[in-house]
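Presented below is the structure to which this report refers.
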Amino acid sequence: MKQRSLEELFDQCISKRLIIKNKDMLRHSYTPDVLPHRDEQIENLVHPLISALKGETPSNILIYGKTGTGKTAVVKYVGKALVRKIGGKFYYRPYINRIKPDIEVKNDDNAPLYFIYINCEVVDTQYRMLAKLCEYLGESVPLTGWPTDKVYDTFFNALDSSKRLMVVVLDEIDGLLKKSSEDILYNLTRINTDLKNAKLSIIGISNDLKFIEFLDPRIKSSLGEEELIFPPYDAVQLVNILTQRVSEAFYPDAVGTGVIQRCAAYAAQEHGDARRALDLLRISAEIAERENSKRVEERHVKEAKVKTENDRVIEVLRTLPAQSKLVLYSVVLLEKYNTSTIVTGDVYSVYKDLCRLSGQDILTQRRISDLISELDMLGILNARIVSKGRYGRTREIRVGVPINQIKRELETDYKIERVSSYVPPVQHKLG
DNA sequence: AATCCACAGGAAGCCCGGGAAC
DNA sequence: GTTCCCGGGCTTCCTGTGGATT
């Protein structure tokens, strides 16, 4: 009896292997050998870099496009190809903290090309940026402690110590603005005038089209010398992209009819995000494997869509700071017990009650206002500014995800659970 | 047309923890 | 140890504002 079930388990596990051949190829970190529908962008990126390698002053490049339009993939693709061709070093793994390059090609004849990929969400201040760049050049700088100009000098000297072209890719470059650290952009874009041997070229990647409006005009002109736009993929293009991956990543006949089309259609609805399309495909396949299906079917895609949306929300909720949880919980309670629209003031008064009940510090309304904005940006709340004339200007707030899901998830936190019996007082509102 | 509400959201600065250098 | 520096969370103080009401 025992043996039979074990045998069944083996059979099951073996049959599971019939769908996905190579899962890595379905992850967005994977850069494929061919990038469909991006020839124009690749060309426009290669040209300025080649002329810089020929000795001209390099142009800085600004790349726009929404998430999943292939910005990062194209830049890495080009970087990889150039380093292989010309020689140099390429660092592209954003989250791996190490000094060894991902690709290194020796070439004695030419000045080496240093191609460095940095994600500004992670490296989000002038100091950290310079320290990171120093690290790649073999200079060790403490994570904190030095005055910034000393770090800058260290970087400058290390860079200029030999003849080379350094290309710094700043992904999610808008991350640098929020922390009011645009000095780094100013310094980096002007560094070429002081460099004697080396050259530096910046490639900024942003998914915010309005990004440049907020820039200091001096930075704007030097950073945006070349601008590349990455339009979203339409459903047909997404189908092409997925088809290409499917042929390599799946076993033959493992993907049912309409699966690719459905993944592409869902992703096209959400501004043509190829990353999303790939995620859907991968998760659909995982669901199919778990069910022991012979192939991925459309219903798996539907299931995958629901699953990814839920997972995202739960992950966000779980990692929310305690104060944000209290604010969100206040909105949830108001939405549950209150019929009128919810405004900032209501949230704040419920929030204060919850703080007293749970023994936490009460923050100011100014701060809560910011926390509400953050929750709005995360998509958990929907807040819009409305003017009620004589009765002031405020935000109307609604919960953006199924309320019971949020409530349940928040109440797994014992601090929230403790105040879960609280009922907000009935609002007496005009109008 | 003037008023005035209930906030939004910018600016400056405080405080604290963490890390490095002295 | 002390001193210096940085970043992040937060407060205080402030100016700005759309439109119903006066």
Side-chain angles (χ1 to χ4, degrees), chain A residues 97 118-135 139-155 170 172-188 208 210-211 213-216 316 319-328 330-331 334 338 340-352 354-356 358-378 381-398 413 415 424-425 427-431:
Chain A
N97 205 2
I118 291 178
N119 188 311
C120 303
E121 288 287 303
V122 185
V123 184
D124 60 353
T125 64
Q126 160 145 265
Y127 187 95
R128 287 181 190 158
M129 178 71 65
L130 288 168
K132 196 83 187 164
L133 292 173
C134 286
E135 189 188 318
E139 297 286 332
S140 73
V141 171
L143 290 169
T144 165
W146 284 12
T148 308
D149 54 342
K150 184 177 173 189
V151 188
Y152 180 83
D153 289 344
T154 308
F155 167 65
L170 300 176
E172 301 184 55
I173 192 169
D174 13 334
L176 287 179
L177 284 191
K178 286 174 206 146
K179 307 275 169 26
S180 67
S181 52
E182 51 181 314
D183 291 351
I184 181 71
L185 292 178
Y186 184 68
N187 290 334
L188 287 183
D208 183 1
K210 283 183 284 181
F211 163 73
E213 288 172 26
F214 301 110
L215 273 180
D216 185 309
V316 170
T319 54
L320 234 38
Q323 290 288 352
S324 297
K325 282 186 183 175
L326 277 174
V327 173
L328 179 58
S330 306
V331 181
L334 280 166
N338 206 318
S340 56
T341 55
I342 304 163
V343 298
T344 308
D346 306 337
V347 177
Y348 189 59
S349 63
V350 172
Y351 159 82
K352 279 193 291 188
L354 293 183
C355 283
R356 287 190 202 100
S358 64
Q360 297 199 60
D361 294 342
I362 301 176
L363 304 182
T364 55
Q365 184 157 345
R366 178 70 189 83
R367 181 68 188 138
I368 299 309
S369 174
D370 279 346
L371 293 182
I372 291 173
S373 299
E374 283 171 23
L375 291 168
D376 181 29
M377 277 191 279
L378 286 169
L381 292 181
N382 293 320
R384 66 191 179 99
I385 299 161
V386 289
S387 179
K388 296 185 189 302
R390 199 74 219 264
Y391 303 106
R393 228 157 87 89
T394 182
R395 278 204 197 93
E396 255 180 34
I397 301 160
R398 282 181 301 112
D413 186 324
K415 283 182 213 143
Q427 306 285 312
H428 300 289
K429 280 218 187 115
L430 302 161

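Note: CZ (A:Arg384) to P (B:dC7) measures 16 Å, nearest angstrom. Rounded to whole Å, the distance from CG on A:Leu371 to P on C:dC10 is 7 Å. Atom P of nucleotide B:dG9 and atom OH of A:Tyr348 are separated by 17 Å, given to the nearest angstrom. The distance from atom CD1 of A:Ile368 to atom P of C:dG9 is 14 Å, rounded to the nearest whole Å. Rounded to whole Å, the distance from NZ on A:Lys150 to P on C:dC4 is 15 Å. Counting to the nearest Å, the P atom of C:dG8 and the CD atom of A:Glu374 are 12 Å from each other. Atoms CG (A:Leu363) and C1' (C:dG9) sit 9 Å apart, rounded to a whole Å. Following rounding to the nearest Å, A:Gln365 (CD) and B:dC5 (C1') show an atom-to-atom distance of 13 Å.
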Requested in this report: Tell me, with the steps shown, if A:Arg395 and A:Asp376 meet side chain to side chain contact (heavy atoms under 4.5 Å, CB included).
Outcome: CA-CA 11 Å; A:Arg395 278 204 197 93; A:Asp376 181 29; 5.7 Å; no
Query - side chain to side chain contact (heavy atoms under 4.5 Å, CB included) evaluation trace for A:Val331 with A:Ile372 - result: CA-CA 10 Å; A:Val331 181; A:Ile372 291 173; 5.8 Å; no
Report task. Run the numbers on A:Leu320 and A:Leu378 for side chain to side chain contact (heavy atoms under 4.5 Å, CB included), then give the verdict. Result -> CA-CA 11 Å; A:Leu320 234 38; A:Leu378 286 169; 4.1 Å; yes
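A 4.5 Å side-chain heavy-atom check between A:Ile362 and A:Tyr348 finds at least one atom pair inside the cut-off.
As judged by a 4.0 angstrom heavy-atom cut-off over every strand, A:Ile362 is placed among residues touching the sugar-phosphate backbone only.
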Requested in this report: For nucleotides 12-22 of chain C, just jot down a letter per nucleotide in 5' to 3' order: B, S or -, based on protein non-hydrogen atoms under 4.0 Å.
Outcome: B----BBBBSS
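Of the candidate nucleotides C:dC6, C:dC10, B:dC7, C:dC10 has the atom nearest to the side chain of A:Gln323.
Dashed line: the shortest gap from a side-chain N or O of A:Thr344 to OP1 or OP2 of B:dC7 is not under 4.0 Å.
A donor-acceptor pair is defined here as one N or O able to donate and one able to accept, closer than 3.5 Å; such a pair exists between the side chain of A:Thr154 and the backbone of A:Lys150. Judged by distance alone, with hydrogens and angles left aside, the side-chain atoms of A:Gln360 form no donor-acceptor pair with the main-chain N or O of A:Leu354 at under 3.5 Å.
With sequence neighbours excluded, the residues forming a side chain to side chain contact (heavy atoms under 4.5 Å, CB included) with A:Arg367 are A:Leu363, A:Thr364, A:Asp370, A:Leu371, A:Glu374, listed by chain and number.
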